[in-house]
Amino acid sequence: MLLTLDTADTRPLHEQVAGAIRRAIAEGECAAGDRLPPARELSRALGVNSNTVLRGLRSLRDEGLLEFRRGRGVTVAQGAARRSVLVDRVRDLVAEAARFGYAKADLIEMIRVVP
Amino acid sequence: MTEKRGSAHWAALGWVAGVLALLLALPLLTAGRLPDRVATHWDAVSGRPDGSMPLWAAAVFPALIWAVVAAVVAAAHMWRGPATAWGGTVLLSMGVTLAGAQAAIVRANMDHARWRDADSVTPWVVGALVAGAAAGAAGALTARRRTPGAARPTDPPRMDVPPDRRVVWLASTSNPWLHALAAVAGAVALVALVLTACGATDPLWPLIVPFALVAVASAACASVQVLVTENGLRVAFGPLGWPARRWRPADIESAHAERRTPAQVGGWGYRLSGLGTTVMLRAGGCLVIRAKGRNFAVSVDDAERGAALLNRLSQQAANTP
């Protein structure tokens, strides 16, 4: 799989790692059920600490994009490609809302009243 | 090219015929000084002869082995084409070993009335084996040196990377059969070790050592991790990712993807052949690089993009002084 990092990115490293893998999933680099390379290999590839990689992977698991299975390693969840596109747009929305001074709770309230 | 291949074929044919003649002629020409039955097998410990054959059989038997070896190599070449460069290595080492062993047998039997009086052959057989291994190694090295440079495509794949992006490529391959082989061999070695440790049987070192070696070697060759970053190519073996081979982008002359089969490179695992070094885990796409005048290939999926990224990186390394 091909992983792309933005060298000008100033976000925390674990978020950049999660972002690179999220983009790879969205672009079909790895399909549902595929096993991700081991964290050690990812950390070598991205030039970051493997704890940082694991932190990024855990946040992707919490987003429902990855599954951690004992003995099977980390696999891409079913429907992860579509979900990752949606998650990306939600993140952008949250960032934009923050710039205009709206908290997440305000956004959730707005989403609730959308028919 | 065809002419060169033709001359290689004639050289191989001459070698096969020459060794065959030698194997037959050695006992037959010295028949006057040999016993009717010649010793052909020796006890490994005492060095005394413990098996014999009639003179004609002693002449024909090694020749038959040689003929079968030559036929197998020839058949492999016909089916798989000239890429099966291991054939030359096999012919060289087997020819030297067989001829050496035959010479040892004739020498040991010479001027003895009965086969049981034959001399020991141990140093000669050891010498023949060493000479055979050396000849095989020399053949393999020559084949490797002659690695065809023309085999790479004139238009290697290339990838565009925007200047503010860092792109890395990861891939891995594993072979479940080699994993199973490693597990079985490891289990046998472990059971033998436990039996030895408990004192239940005599020490089983002849069983433990080779099985443990097979387990380690096949586990190391059962999976590879291939990584392309701005530091170059890294190919890591086995579950621990160690040992690993590395190439810097500046060392890589070109990279491309190519289909290869185990038959072309002489089997599975870490192979040296006329195509260069190949880490063969499955038939199909391989990432092939040419670095420092040598070819290295690893069987891995999605090799085109790996090669494209490597070409991009090596070009970048060439442009920045």
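Just so it is clear: chains get the letters A, B, ... in the order the sequence lines come, proteins before strands, and each one is counted from 1.
In the displayed structure, B:Tyr270 atom OH is contacted under 6.0 Å by more than 12 heavy atoms of other residues, nucleotides or ligands. Within a 6.0 Å sphere centred on CZ of A:Arg55, heavy atoms belonging to other residues, nucleotides or ligands number 12 at most. In the displayed structure, B:Trp247 atom CH2 is contacted under 6.0 Å by more than 12 heavy atoms of other residues, nucleotides or ligands. The environment of CZ in B:Phe237 is crowded: more than 12 heavy-atom neighbours from other residues, nucleotides or ligands sit within 6.0 Å. When the shell of 6.0 Å around CZ of B:Arg248 is examined, it contains 12 or fewer heavy atoms from other residues, nucleotides or ligands.
Of the listed residues (B:Val228, B:Asp164, B:Asn231, B:Asp301), the greatest number of heavy-atom pairs within a distance under 4.5 Å of chain A belongs to B:Asp164. Interface remark: of the candidates A:Pro38, A:Gly47, A:Ala8, A:Pro38 forms the most heavy-atom pairs closer than 4.5 Å to chain B. No other option in A:Thr4, A:Leu42, A:Leu2, A:Leu46 has as many heavy-atom pairs under 4.5 Å with chain B as A:Leu2.
Closest approach of B:Leu170 and A:Ala45 over heavy atoms only: CD2-CB, 3.9 Å. Among all heavy-atom pairs drawn from B:Leu227 and A:Arg44, the shortest one is CD2-CD, 3.8 Å.
Looking at A:Arg35, neither its backbone nor its side chain comes within 4.5 Å of chain B, counting heavy atoms on both sides. Neither the backbone nor the side chain of B:Ser172 comes within contact range of chain A; no heavy atom of the residue lies under 4.5 Å from a heavy atom of that chain.
Residue B:Arg166 is tested with A:Leu3, A:Asp6, A:Leu5, A:Asp9 for a side-chain contact (heavy atoms from CB on, under 4.5 Å); the sole match is A:Leu5.
Taking non-hydrogen atoms and a 4.5 Å limit, the residue list of residues 302-311 of chain B in contact with chain A, ordered by number, reads B:Asp302, B:Arg305, B:Leu309.
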